[in-house]
Amino acid sequence: MKAEMQKTSQCSSFSQRVKKIIQKIPKGKVATYGQVAVYAGHPRAARQVVWILNSSSRKDKLPWHRVINRKGSISLKPGYGYEIQKGLLRKEGVKFGKDDKIDFDLYLWIPS
DNA sequence: CAACTGACGATAG
DNA sequence: CCTATCGCCAGTT
């Protein structure tokens with residue numbers, strides 16, 4: 001019986017799941033593209049997550065600024081959202097190192 | 001329908 | 001440490 005397939009939702013596409021996961025990221029925390037992809041069920045769909053942020057953030061209110069790359073820094077280019085994302089994160093209490101890096105030990109979101 | 005793209009990730013050198 | 005390359009998936013053109 002496949003009726004046990006997650007009682008609540010989960011029947012959506014990967015993209016839909018990614019959106020939900022991103023919305024689950026608590027304030028003051030951050031997640032990586034790869035991390036989100038893993039929780040969505042696709043360990044290597046980090047690039048897909050990127051696409052979704054671009055696509056969905058315009059329609060839905062996604063905390064896209066809480067999603068960063070593996071290095072703990074912002075991947076956007078200066079003038080293309082970099083400053084905006086950094087500012088939003090700082091407002092939520094996330095601090096950046098001297099290399100514009102975020103300390104994962106303090107801010108990485110871990111859905112338990 | 002095929003090729004291209006996108007804010008990545010991991011591995012190899 | 002850095003660059004280069006492949007892989008990954010879905011949406012656009």
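Below, read A as the first sequence line, B as the second, and so on, with proteins coming before strands; counting in each chain starts at 1. For clarity, every value in this text was computed on a predicted model and none was experimentally measured.
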Under 3.5 Å, N/O pairs linking protein and nucleotides 11-13 of chain B:
none

> Can you list every side-chain hydrogen bond (donor to acceptor under 3.5 Å, both in side chains) pair that touches residues 101-112 of chain A, not counting sequence neighbours?
Replying inline: none
Detail all sub-3.5 Å separations between protein N/O atoms and N/O atoms belonging to nucleotides 2-4 of chain B.
none

> A:K91: what forms a side chain to side chain contact (heavy atoms under 4.5 Å, CB included) with it, not counting sequence neighbours?
Replying inline: none
> Between A:R90, A:K71, A:K86, which is the residue that forms a salt bridge (Lys or Arg N to Asp or Glu O under 4.0 Å) with A:D100?
Replying inline: A:K86
>> Any donor-acceptor pair, under 3.5 Å, between the side chain of A:N69 and the base of B:dA7, if you only look at N and O atoms?
In response: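 Counting by modelled atom types and ignoring angles, no donor-acceptor contact under 3.5 Å is found here.
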Close N or O pairs between protein and nucleotides 2-4 of chain C (under 3.5 Å):
none

> How does protein reach along nucleotides 7-13 of chain C, written 5' to 3' as B (base within reach of a heavy atom under 4.0 Å), S (only sugar-phosphate), or - (no contact)?
Replying inline: BBBBS--
>> Can you measure A:Y80 atom OH to B:dG6 atom P for me and round it to whole angstrom units?
In response: 12 Å
> CG of A:L62 versus C1' of B:dA7: gap in Å, rounded?
Replying inline: 14 Å
> Is there a salt bridge (charged side-chain N to carboxylate O under 4.0 Å, His left out) between A:R66 and A:E92 once you walk through the steps?
Replying inline: CA-CA 10 Å; A:R66 291 185 188 142; A:E92 299 187 345; 2.8 Å; yes
>> Working to the nearest 0.5 angstrom, can you tell me the gap between A:I84 CD1 and A:H65 NE2?
In response: 11.5 Å
